[in-house]
Amino acid sequence: GQDTLTIRGDVELHKGLVELDIKESEKNLLLYPNLREEPPFVQYFVNVSIPGNFYVRSEAPFNSFEIQISGNLNIIQEAKSPLEIFGTLNVLQGKYFQFEDFDIREGRVEFVNPKELPELNLLAETKKYGYVFQLKVKGRLNNPEKEIRIFDTQTNTDVTYLYPETKDRLALLLFGTTFEQLTKGTGNLLLDKGQQVVNQTLIAQIERETRRFIGLDQLRLETKQDLIDFRNWRLNNGLEESTLSMGKYITSNLYLEYKTRLTSAGLPGLGSLPAPQLSWEAGNQLYMEYRINRNWSVSTLYEKTLEGHDRVKIDISWRWEF
């Protein structure tokens, strides 16, 4: 009627970043403002398309993640009715932190019930101590259930049954030993693990702040040694074996990433602190991905190997969503 303004159409989000506050989102969902009871009313019928260059980050304790998503959402709000969101977002890549960083292999974010937060369904992995630790995350976004399964890397068999108690699975993930063995000699193990956790947190913070400052979409620092040697309270000298990856979406469909080894040449005024090597040296890598559409993408990788050879790789990726 003439007392109602209708907004209808299609929106495509080519790029975006959401810093998610789960507690605040849940509070807003449950305590949304009072609905307008007098005209003019506003109603929405909007279809939102996300091609892929869209990130969601959460730093909530025990529910920390960073994911890249794509998909479609339907946003509906009829006159004098609450806002409703329906649809499914596919997780293209990302990390989930559960005492360790897990690389997400596949996942979905499903908006099923508009009166509740969306459902999270993730499968992530990490490799340590000769095992593949598989993390399944499923449930409402604010409090999903998590399960860790363990696979032997040599035989690819599920050995979770050997560690029926959660405390043993976590001890194996964190320290490479069972909980009982851990309690018999905690000194060096706990010290080393505490140092590792602090270094992982420090690296994650450096990546996050640097990414914000210089406007990159991806920035990863991969180290074979800890960033800081807490036993001697100094920067580690072995960081020249580390790599720095910097990625940026040039357009909404074209992604470019440069990976370089850190050298021990140092930075002015900072002694032997490793620095990025921007010239084309052994170990450097250039990666490019072009998304043709939501289901098809082409990627190519050019790398100078440590032996000094050139390596070129071309992949064509196809995915079917149902």
Side-chain angles (χ1 to χ4, degrees), residues 11 13 16-35 44-78 81-126 132-150 160 164-167 169-170 173-174 200-201 204 208 294 319-322:
V11 176
L13 301 179
L17 169 63
V18 174
E19 299 278 358
L20 186 63
D21 187 329
I22 295 177
K23 288 186 176 180
E24 192 67 25
S25 298
E26 185 177 29
K27 183 170 63 176
N28 291 340
L29 184 67
L30 296 175
L31 303 176
Y32 51 80
N34 292 330
L35 299 174
Y44 300 89
F45 302 94
V46 179
N47 300 317
V48 178
S49 175
I50 303 175
N53 186 13
F54 199 97
Y55 295 86
V56 179
R57 297 178 188 150
S58 166
E59 298 181 11
F62 305 108
N63 197 15
S64 176
F65 57 83
E66 177 177 331
I67 57 177
Q68 182 186 5
I69 57 174
S70 71
N72 294 313
L73 294 176
N74 298 320
I75 301 177
I76 301 172
Q77 183 175 26
E78 297 185 356
S81 298
L83 185 71
E84 299 181 352
I85 302 177
F86 298 96
T88 299
L89 300 175
N90 294 293
V91 179
L92 303 178
Q93 63 177 340
K95 290 185 178 293
Y96 194 99
F97 184 79
Q98 184 70 14
F99 306 104
E100 294 282 344
D101 274 332
F102 285 79
D103 293 316
I104 297 175
R105 301 305 180 197
E106 59 184 54
R108 289 186 167 206
V109 182
E110 298 179 290
F111 292 78
V112 180
N113 188 340
K115 296 181 180 179
E116 296 180 350
L117 291 175
E119 298 278 331
L120 192 63
N121 194 335
L122 301 175
L123 177 64
E125 292 181 352
T126 188
V132 174
F133 296 89
Q134 188 181 87
L135 175 66
K136 292 184 178 179
V137 182
K138 187 173 183 179
R140 286 177 57 189
L141 185 63
N142 61 327
N143 189 27
E145 296 182 357
K146 301 158 195 170
E147 179 189 15
I148 294 178
R149 302 198 66 81
I150 305 170
T160 311
E165 296 191 48
T166 302
K167 63 181 181 182
R169 299 181 194 181
L170 291 178
L173 170 66
L174 297 176
Q200 286 178 340
T201 303
R208 185 163 47 249
R294 181 161 298 167
R319 61 185 294 159
W320 177 259
E321 299 175 4
F322 58 91

Flag the pair R140 / E119 as yes when at least one side-chain heavy-atom distance between them is below 4.5 Å, and no otherwise.
-> yes
Would you indicate whether the side-chain heavy atoms of L73 and L89 approach each other to under 4.5 Å?
-> yes
Which atom pair, heavy atoms only, marks the closest approach of [X] to [Y]?
| X | Y | result |
| --- | --- | --- |
| F65 | N63 | CD2-O, 3.6 Å |
| A124 | I104 | CB-CA, 3.8 Å |
| F86 | V112 | CE2-O, 3.7 Å |
| F45 | E78 | CZ-CG, 4.0 Å |
| S70 | P51 | CB-O, 3.4 Å |
| T160 | I150 | OG1-N, 2.8 Å |

Contacts of Q68 meeting side-chain hydrogen bond (donor to acceptor under 3.5 Å, both in side chains) (sequence neighbours excluded), chain-then-number -> Q93, Y249
Could you tell me which residues satisfy side-chain hydrogen bond (donor to acceptor under 3.5 Å, both in side chains) with D103, sequence neighbours excluded, listed by chain and number?
-> K95
In sequence, state the C-alpha distance, the side-chain angles, and the governing distance for I67 and Y96, and then conclude on side-chain contact (heavy atoms from CB on, under 4.5 Å).
-> CA-CA 8 Å; I67 57 177; Y96 194 99; over 6 Å; no
[atom1]/[X] to [atom2]/[Y] distance, rounded to the nearest 0.5 angstrom?
| X | Y | atom1 | atom2 | value |
| --- | --- | --- | --- | --- |
| L170 | F133 | CG | CZ | 9.5 Å |
| N142 | L120 | CG | CG | 10.5 Å |
| L122 | R105 | CG | CZ | 13.0 Å |
| E125 | E106 | CD | CD | 9.5 Å |
| I85 | N113 | CD1 | CG | 12.0 Å |
| E147 | Q98 | CD | CD | 12.0 Å |

Any sub-3.5 Å donor-acceptor pair from S64's side-chain atoms to S58's backbone N or O?
-> yes
Is the shortest distance from a Lys or Arg side-chain nitrogen in E59 or R57 to a carboxylate oxygen in the other one below 4.0 Å?
-> no
Please determine which of I148, L173, T126 meets the side-chain contact (heavy atoms from CB on, under 4.5 Å) test together with L135.
-> I148
Does a sphere of radius 6.0 Å around NZ in K146 hold more than 12 heavy atoms from other residues, nucleotides or ligands, not counting ones at 6.0 Å or beyond?
-> yes
How would you list, by chain and number, every residue that makes a side chain to side chain contact (heavy atoms under 4.5 Å, CB included) with P118, sequence neighbours excluded?
-> V109, F111, L141
